[in-house]
Amino acid sequence: MVIGNPPYIRYQEFAGRARVQALGRASDAGVELTQLASSWAHFVAHAVSFLEAGGRLAFILPAELIHAAYAAPLRQHLRRSFGRVHVISFRTSVFPEVQEEVVLVLAAGKSQGPSQLALAEVEDGLALTDLEGVLAGAEVFAPDEEPEKWSPGHETHPAARVLADLCAAGHFRPLASVGKAGIGFVSGANDYFVLTAEEARRWRLPPSSLRPALVRARHIAGLHVSAADLALLREKGERCSLWLPKERLTRFEQAYVRHGESLGIAERYKCRVRSPWYRVPGVTVPDAFLTYMSDAAPRLCLNRARTVSSNTLLAIRLTKVPASLRRALVTAFYNSATLLSCERTGRSYGGGVLKLEPREADRILLPDVDLVAKHRKSLMQLEPEVDTALRHREEGALSEAIAKIDRLFLTRQSSVNEVSRLRSRLRERRKARAHPR
């Protein structure tokens with residue numbers, strides 16, 4: 001039997017020879033992990049190889065096991081390797097002194113796979129005193145069944161069926177059907193390349209080399225970002241001007257380059273691998289922005305100012321949405337079904353944060369464009385209400401606006417109730433982990 005709580009080292013810190021060796025050992029064990037895998041995944045793959053036939057495993061692991069894309073090969077390996085795999089997740093924090101969300105993995109019957117998968121959820125660690133009862137009440141998947149996420153109720157909850165029915169009827173479609181989510185520019189040093197208005201004046205950088213840029217989730221406060229919003233950010237001293245010099249530098253820009261070199265910016269990895277080091281690549285103007293990390297709920301914001309953004313925000317292209325419908329679509333985003341799909345698709349991280357990677361954002365469900373066109377007038381009337389609620393962070397007012405939008409796209413009250421309840425449950429559980437009892 002193998003029992004453990006392996007080190008949780010994210011891929012950014014897990015590098016060099018150690019990672020190369022770990023990837024090799026995972027591969028030898030039959031698990032092909034990517035460069036994005038954290039250290040615990042390699043550890044588990046290697047540990048499984050030590051078990052003899054019939055052996056068992058018990059591990060405390062990050063909750064990334066149940067939802068992270070990089071952990072998919074490990075999930076498959078566990079099911080191939082054992083006759084039974086049990087995963088227990090927790091509604092509240094197990095370790096109050098840390099923010100990491102964890103799960104308990106119990107696997108038995110080495111070399112007897114493919115396995116039956118059993119998923120359970122309990123309130124906290126104290127519930128494990130009745131482990132047999134917990135396992136008896138688990139949601140069970142046959143060896144040929146593979147849930148999208150190893151989270152109980154993810155596919156069988158009534159609200160999940162509501163979303164499936166909405167998609168089957170063509171009322172909701174994934175974002176990828178009308179556009180594409182991507183990342184913004186990667187500067188390698190936002191504190192150098194993205195300046196405040198005062199810094200740009202002090203260094204006498206030419207206005208023609210400065211592009212308006214958003215680098216914080218708080219920069220997209222409402223339903224849209226306008227020239228007036230950018231002007232307000234500049235007045236507040238926010239970093240919102242990306243230095244993007246032309247081929248020929250002015251003498252003031254040359255001085256700024258020397259300043260960057262004196263700070264060691266040119267030697268940072270993202271900078272030293274490009275030529276010249278000070279020209280940021282991948283700068284594009286998206287149609288909208290989506291928060292990459294969110295607290296209460298993700299926010300979609302229309303880019304009316306033609307600004308760019310760093311990779312701290314998701315850049316959204318709406319190539320198959322007519323320009324005349326984009327404002328209505330952004331307003332329509334704030335319905336219970338779409339917000340629930342964000343909670344189900346995204347990843348819950350320590351501190352109560354919901355994270356959406358581009359591939360996950362592409363799967364977010366949005367109202368069909370034809371339905372948006374049908375309800376365009378009503379959505380435009382609701383736009384100021386939603387925008388004000390978002391800008392002032394008034395959860396009560398936003399909930400009222402969401403209920404009004406729900407009436408446009410979720411016609412059955414029972415469906416609204418199921419979707420709203422599950423969304424609230426997932427959100428409150430995520431936020432509860434940020435403030436453990």
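In this chain, residues are counted from 1 in sequence order. Worth saying up front: this structure is predicted, and the values here are computed from it rather than measured.
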key: Smallest separation among heavy atoms of Ala45 and Ala29, with atom names   = O-CB, 3.4 Å
inquiry  = Between Arg91 and Glu123, does any side-chain N to carboxylate O distance fall below 4.0 Å?
reply    = yes
message = Under 4.0 Å between a side-chain nitrogen and a carboxylate oxygen: does that hold for Asp165 and Arg412?
response = no
ask   = Any donor and acceptor pair, going by atom type alone, linking the side chain of Ser424 with main-chain N or O of Ser420 inside 3.5 Å?
value = yes
ask   = Which is it for Cys167 and Leu365 under the side chain to side chain contact (heavy atoms under 4.5 Å, CB included) test, yes or no, and what are the steps along the way?
value = CA-CA 8 Å; Cys167 291; Leu365 300 178; 3.5 Å; yes
inquiry  = So which atom in Leu242 and which in Ala213 form the shortest heavy-atom distance, rounded to 0.1 Å?
reply    = CB-CB, 3.9 Å
inquiry  = To the nearest 0.5 Å, what is the distance between CG on Leu422 and OG on Ser336?
reply    = 11.0 Å
task = Please test Tyr256 against Leu195 for side chain to side chain contact (heavy atoms under 4.5 Å, CB included), starting from the C-alpha separation and ending with a verdict.
result = CA-CA 12 Å; Tyr256 195 58; Leu195 299 88; 3.5 Å; yes
key: CZ/Arg391: more than 12 non-hydrogen atoms of other groups inside 6.0 Å   = yes
key: Lys/Arg N to Asp/Glu carboxylate O, Glu418 vs Arg421, below 4.0 Å   = yes
Residue pair Leu398 / Leu390: nearest heavy atoms and the distance that separates them = CD2-CD2, 4.0 Å
query = Any side-chain heavy atom of Val369 sitting closer than 4.5 Å to one from Pro322?
reply = yes
inquiry  = For the backbone of Ala189 and the side chain of Ser187, can you confirm whether one donor and one acceptor N or O come within less than 3.5 Å of each other?
reply    = yes
inquiry  = Tell me which one of Thr312, Leu313, Val194, Val308 satisfies side-chain contact (heavy atoms from CB on, under 4.5 Å) with Leu214.
reply    = Leu313
ask   = Looking only at atom types and distance, does a side-chain atom of Ser27 sit under 3.5 Å from a main-chain N or O of Gly24, one as donor and one as acceptor?
value = no
task = Begin from the C-alpha positions of Asp124 and Thr92 and carry the test side-chain hydrogen bond (donor to acceptor under 3.5 Å, both in side chains) through to its verdict.
result = CA-CA 6 Å; Asp124 52 34; Thr92 58; 4.5 Å; no
side-chain contact (heavy atoms from CB on, under 4.5 Å) partner of Phe172, chosen from Leu366, Asn335, Ile364 = Asn335
ask   = In Å, rounded to the nearest 0.5 Å, how long is the span from CG of Leu166 to CG of Asp368?
value = 11.5 Å
ask   = Counting heavy atoms not belonging to Arg80, are there more than 12 under 6.0 Å from its CZ?
value = yes
ask   = Would you call Glu360-Lys149 a salt bridge at under 4.0 Å N-O?
value = no
Spacing of Glu385 atom CD and Leu223 atom CG [to the nearest 0.5 Å] = 11.0 Å
task = Answer yes or no on whether Arg274 is positioned over the face of Phe185, meaning its NZ or CZ is under 6.0 Å from the six-membered ring centre and within 45° of the axis.
result = no
query = Relative to each other, are the rings of Phe193 and Trp243 parallel, tilted or perpendicular (30° and 60° limits)?
reply = parallel
key: Chi angles and distances behind the side-chain hydrogen bond (donor to acceptor under 3.5 Å, both in side chains) call for Ser226, Asp229   = CA-CA 5 Å; Ser226 65; Asp229 292 319; 3.1 Å; yes
remark   = In terms of heavy-atom contacts, Leu314 and Tyr292 come closest through CD2-CD1, 3.9 Å
ask   = Looking at CD of Glu400 and CG of Leu382, how far apart are the two atoms once the value is rounded to the nearest 0.5 Å?
value = 11.5 Å
message = Closer than 4.0 angstrom, basic N to acidic O: yes or no for Glu198 and Arg202?
response = yes
request  = Compare all side-chain heavy atoms of Asn303 with those of Asp287 and state whether any distance is below 4.5 angstrom.
outcome  = no
message = If you define the side chain from C-beta out and look only at heavy atoms, does anything of Val419 sit under 4.5 Å from Asp406?
response = no
task = Report yes if some heavy atom in the side chain of Val416 is under 4.5 Å from a heavy atom in the side chain of Gln413; otherwise report no.
result = yes
ask   = What heavy-atom pair brings Lys270 and Gly188 nearest, and what distance separates the two atoms?
value = CB-CA, 3.8 Å
query = Is there a donor-acceptor pair closer than 3.5 Å between any side-chain N or O of Glu267 and the backbone N or O of Gly264?
reply = no
ask   = Should Arg216 and Glu238 count as an ion pair when the cut-off is N to O under 4.0 Å?
value = no
CD-CG distance between Glu139 and Leu117, expressed to the nearest 0.5 angstrom = 9.0 Å
task = Could you tell me whether a side-chain N or O of Thr307 sits under 3.5 Å from a main-chain N or O of Pro212, the two making a donor and an acceptor?
result = yes
inquiry  = Looking at Pro114, is its backbone amide N or carbonyl O close enough to the side chain of Arg79 to form a donor-acceptor pair, meaning the two atoms are under 3.5 Å apart?
reply    = no
ask   = According to the interplanar angle, ranging from 0 to 90°, do the rings of Phe59 and Phe43 count as parallel (below 30°), tilted (30 to 60°) or perpendicular (above 60°)?
value = perpendicular
message = Please give me the minimum heavy-atom distance between Ala328 and Leu379, naming the atom from each residue.
response = O-CD1, 3.6 Å
ask   = Does the side chain of Pro174 come within less than 4.5 Å of Asp362's, by heavy atoms?
value = no
task = Drop me the distance from Arg279's CZ to Lys246's NZ, to the nearest 0.5 angstrom.
result = 9.5 Å
Pair Leu33-His42, side chain to side chain contact (heavy atoms under 4.5 Å, CB included): steps then yes or no = CA-CA 8 Å; Leu33 296 171; His42 313 75; 3.6 Å; yes
task = Using modelled atom types only, decide if a donor and an acceptor are shared between the side chain of Arg327 and the backbone of Leu302 within a distance under 3.5 Å.
result = no
query = Hey, is CZ on Arg393 packed in by over 12 heavy atoms from elsewhere, all under 6.0 Å?
reply = no
query = With a 4.5 Å heavy-atom cut-off, do Cys240 and Arg234 have their side chains touching?
reply = yes
key: Working for side chain to side chain contact (heavy atoms under 4.5 Å, CB included), residues Arg344 and His157   = CA-CA 11 Å; Arg344 283 166 46 85; His157 191 280; 5.9 Å; no
request  = Indicate yes or no: at least one non-hydrogen side-chain atom of Leu371 is less than 4.5 angstrom from one of Arg173.
outcome  = no
query = For the side chain of His77 and the backbone of Val31, is there at least one donor-acceptor N/O pair under 3.5 Å apart?
reply = no
query = Do NZ/NE/NH1/NH2 and the carboxylate oxygens of Arg239 and Glu199 come within less than 4.0 Å?
reply = yes
key: Ile265 vs Trp277 side-chain heavy atoms within contact, under 4.5 Å   = yes
query = Distance-only, no hydrogens or angles: does the Thr331 side chain make a donor-acceptor pair with backbone N or O of Glu383 under 3.5 Å?
reply = no
